[in-house]
Amino acid sequence: MIDLLVSSPLLTLVVTMALGTLVGAIPFGPLRFGPAGALFVGLAIGALDPRLGSGLDLVESLGLALFVYTIGIASGASFFRQMRAQGSLLVGGVLLLGVQAALSLLTGYLFGFGSPMAAGMFAGSGAATPALSSANEIVPGDTNPSVGFAIAYPLAVVLGMLLIPKIARSKMSGKNDPSSVSATDLLDITVEVENTMKISMIPGIASVPGKAGGDLRISYLQRGDEIRVAHPSETLHKGDRVLMVGVPDAVHEAAALLGRESETHLANDRTKVNFRRFVVSNPQLAGRTVADLHIPTRFESIITRVRRGDTDMLAHAEMTLQLGDRVRVVMPQDRRKELTEFFGDSEMRITEVDFLSLGLGVAIGIIVGFVSLSVGGASLALGSAAGPLVVGLVLGYMGRTGPIVWTLPTSANLTIRQFGLFMFLTTVGLKSGQAFAGTAFSVTGLLVGIATLLTLGIALLALWGVGAALGLSAARTAGAVAGFVGQPVLLNHVKTFVDDERTDPGYSAMFAAGMIAKILFAQAIVLL
């Protein structure tokens with residue numbers, strides 16, 4: 001059997017990935033290792049024969065490039081948009097990564113397991129597979145970084161699992177962290193107007209082109225016996241009835257200002273005005289803002305909500321649409337066909353991948369990765385890990401360049417990302433199995449485990465303190481801690497304790513900034 005696997009690297013790869021998927025799905029209490037199962041199965045199979053890890057370098061590089069690029073594409077928009085809101089938190093997190101890297105190097109010398117394994121330990125404690133790759137590029141043929149990574153990885157996830165519930169349930173002021181629009185369930189009610197007012201002047205309205213944010217939309221308008229879609233610029237008169245949707249507090253405040261809540265719900269009458277969700281599958285709309293579409297003037301309709309992945313968001317003028325978004329539109333009954341053609345509304349089309357933009361984006365990232373910086377006689381480079389990540393972040397923020405749409409539909413992005421990660425972790429495991437078997441269960445392995453818990457524990461507690469000092473919410477801070485460790489399962493763990501959308505930007509921004517920092521710090525540890 002071993003000879004058969006050695007003779008067919010492709011067979012070895014797919015068998016390991018399949019078994020890794022199975023192991024990753026096994027629950028260990030609240031913990032599942034997910035894609036990391038491929039790493040541990042790869043280590044076990046690779047320990048059987050050193051030849052099993054040969055001939056997989058191209059697969060490893062391709063998997064890594066696809067993984068980091070799709071992360072960048074998905075995180076780019078939120079990363080730069082949230083920079084002002086949580087810039088201080090990101091700076092604090094990157095500085096703490098520097099402190100953790102220094103402590104990792106120090107423990108490597110004090111405990112005697114050396115800087116290459118310390119670099120792998122640092123990368124593993126942050127689930128940073130690109131950082132592991134960057135360390136391996138500096139010391140080709142040395143398996144110590146991979147061994148350190150494999151030992152530290154599960155310990156880091158367990159430590160995060162234990163600490164996150166305490167952060168999520170803590171009483172943090174959140175005075176400098178305003179609630180997100182979709183942090184609570186959206187409420188829609190019908191209001192009978194008693195005070196004349198222009199829609200654009202209602203506090204919290206987010207329907208005026210050029211005005212970002214907002215907690216409230218008005219969609220239906222009944223005047224006399226006529227029910228139609230409300231236009232953002234019109235004036236409401238006494239006796240009108242309108243349907244409001246938004247954050248509950250904002251809806252109740254606006255309702256009290258306009259008049260009183262009506263027992264009749266306008267959305268129940270769909271004879272002339274209807275609402276439905278459309279899938280954004282038209283590439284021409286990707287990267288455009290809601291205001292750019294001019295839905296009220298072109299179709300006498302209004303977009304009230306956007307569903308992206310599992311998150312429902314209140315639509316606003318400056319929100320950028322992505323392929324695969326599901327937009328809820330309130331529209332005249334006879335405009336449905338036109339809107340279907342406009343948005344595309346094709347589930348099949350959003351599963352297709354534009355390989356022109358994907359290949360071009362990854363290629364640019366690899367080229368950027370060639371750029372190196374000389375520091376004290378040593379050369380630091382973004383490499384094949386950070387190059388595609390940085391380019392992905394920028395292109396994800398841009399959305400499109402002329403006819404080229406850089407973003408990917410959410411489902412396609414996640415599929416490519418998972419496939420790339422599985423390929424990378426499988427090859428790393430197969431190549432490092434022999435060294436791991438000889439080290440993990442020795443005194444050296446025990447020392448690496450102790451060092452992981454010490455260095456990461458100090459960094460996570462300090463990050464919690466930074467969030468509290470900055471006046472951020474427990475939700476955003478817990479999300480940032482999950483992003484600091486870099487394991488998606490920790491983000492899901494946060495959401496079991498707190499239902500607040502601020503966890504997502506906290507996670508994604510810290511994850512993206514932290515990944516770049518981890519790649520550079522891992523190289524620095526090896527070089528020192």
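Atoms considered below: every heavy atom in the structure, side chains included; atoms not considered: hydrogens, waters and symmetry mates.
Interatomic distance, CD1 of Ile151 versus CD1 of Ile450, reported as 11.5 Å (0.5 Å rounding). Here the straight-line distance linking atom CG of Leu430 with atom CG of Leu39 works out to 9.5 Å at 0.5 Å rounding. Here CE of Met313 is found 12.5 Å from CZ of Arg305. Values are rounded to the nearest 0.5 Å. Expressed to the nearest 0.5 Å, how far CE of Met398 lies from OG1 of Thr320 amounts to 12.5 Å. Between atom CD1 of residue Ile26 and atom OG1 of residue Thr21 there is a gap of 11.0 Å, rounded to the nearest 0.5 Å. Remark: Arg417 CZ to Leu408 CG distance equals 10.0 Å, nearest 0.5 Å.
For Ser473, the side chain to side chain donor-acceptor pair (under 3.5 Å) test picks out Asp177, with sequence neighbours left out. Applying the side chain to side chain donor-acceptor pair (under 3.5 Å) rule to Ser54 yields no partners; only residues at least two apart in sequence or on another chain are considered.
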Walk me through whether Leu453 and Leu155 qualify under side chain to side chain contact (heavy atoms under 4.5 Å, CB included).
CA-CA 7 Å; Leu453 296 176; Leu155 294 175; 4.2 Å; yes
Side chain to side chain contact (heavy atoms under 4.5 Å, CB included) for Arg288 and Leu321? Distances and angles first, verdict last.
CA-CA 6 Å; Arg288 310 292 188 192; Leu321 297 180; 5.8 Å; no
Kindly determine whether Asn136 and Lys431 satisfy side chain to side chain contact (heavy atoms under 4.5 Å, CB included), including the steps that lead there.
CA-CA 11 Å; Asn136 283 333; Lys431 292 167 65 174; over 6 Å; no
Take Gln100 and Ile458 through the test side chain to side chain contact (heavy atoms under 4.5 Å, CB included) and record every step on the way to the result.
CA-CA 8 Å; Gln100 185 191 354; Ile458 292 171; over 6 Å; no
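In this structure, Leu393 and Ile516 have side chains that are in contact, with non-hydrogen atoms separated by less than 4.5 Å. Contact annotation: the side chain of Met121 never approaches that of Ile525 to less than 4.5 Å [non-hydrogen atoms, C-beta and beyond]. Using a 4.5 Å heavy-atom threshold, the side chains of Phe484 and Leu456 count as touching. Contact annotation: the side chain of Leu5 approaches that of Leu11 to within less than 4.5 Å [non-hydrogen atoms, C-beta and beyond]. Contact of the Leu528 side chain with the Ser115 side chain is not registered, since no non-hydrogen atoms from C-beta on lie closer than 4.5 Å. Contact annotation: the side chain of Phe424 never approaches that of Phe67 to less than 4.5 Å [non-hydrogen atoms, C-beta and beyond]. Taking the side chain as every heavy atom from C-beta outward, Leu13 and Met17 approach each other to under 4.5 Å. Tyr69 is listed as a side-chain neighbour of Leu358, based on a closest heavy-atom distance under 4.5 Å.
In terms of heavy-atom proximity, Ala156 sits nearest to Val485 at O-CG1, 4.1 Å. A pairwise comparison of heavy atoms in Ser281 and Arg349 identifies O-CD, 3.5 Å as the closest pair. For the pair Ile519 and Pro130, the tightest heavy-atom approach, listed with the atom from each and the gap, is CD1-CB, 3.7 Å. Closest approach of Leu463 and Ala480 over heavy atoms only: CD2-O, 4.0 Å. In terms of heavy-atom proximity, Leu52 sits nearest to Ile45 at CD1-O, 3.2 Å. Taking every heavy atom of both residues into account, Ser133 and Leu64 meet most closely at OG-CD2, 3.2 Å.
A donor-acceptor pair is defined here as one N or O able to donate and one able to accept, closer than 3.5 Å; no such pair exists between the side chain of Lys518 and the backbone of Ala101. Remark: the backbone N or O of Ala152 is not paired with any side-chain donor or acceptor of Ser125 at under 3.5 angstrom. Between the Thr477 side chain and the Ala474 main chain, no donor and acceptor come within less than 3.5 Å of each other. Formation of a donor-acceptor pair under 3.5 Å by the Ser357 side chain with backbone atoms of Ile404 is not found in this model. Checked by atom type and distance alone, the side chain of Ser8 never pairs as donor or acceptor with a backbone atom of Leu4 at under 3.5 Å. Distance alone, capped at 3.5 Å, places no donor-acceptor pair between the Arg169 side chain and the Ile167 backbone. Between the side chain of Arg400 and the backbone N or O of Pro283 there is at least one donor-acceptor pair closer than 3.5 Å. Proximity of a side-chain donor or acceptor of Asp325 to a complementary backbone N or O of Val327 within less than 3.5 Å is not detected.
In the model, Thr401 has a side-chain atom that pairs as donor or acceptor with a side-chain atom of Trp406 under 3.5 Å.
Taking a 6.0 Å sphere around CZ of Phe419, one finds it holds 12 or fewer heavy atoms contributed by other residues, nucleotides or ligands. Within 6.0 Å of CZ in Phe40 there are more than 12 heavy atoms belonging to other residues, nucleotides or ligands.
Considering Thr16, Thr426, Val15 in turn, Thr16 is the only one that fulfils the side chain to side chain contact (heavy atoms under 4.5 Å, CB included) rule with Val41. A side chain to side chain contact (heavy atoms under 4.5 Å, CB included) with Pro145 holds for exactly one of Ile138, Val428, Leu132; it is Leu132.
The aromatic rings of Tyr507 and Phe511 sit parallel, their planes meeting at an angle under 30°, below the 60° perpendicular limit.
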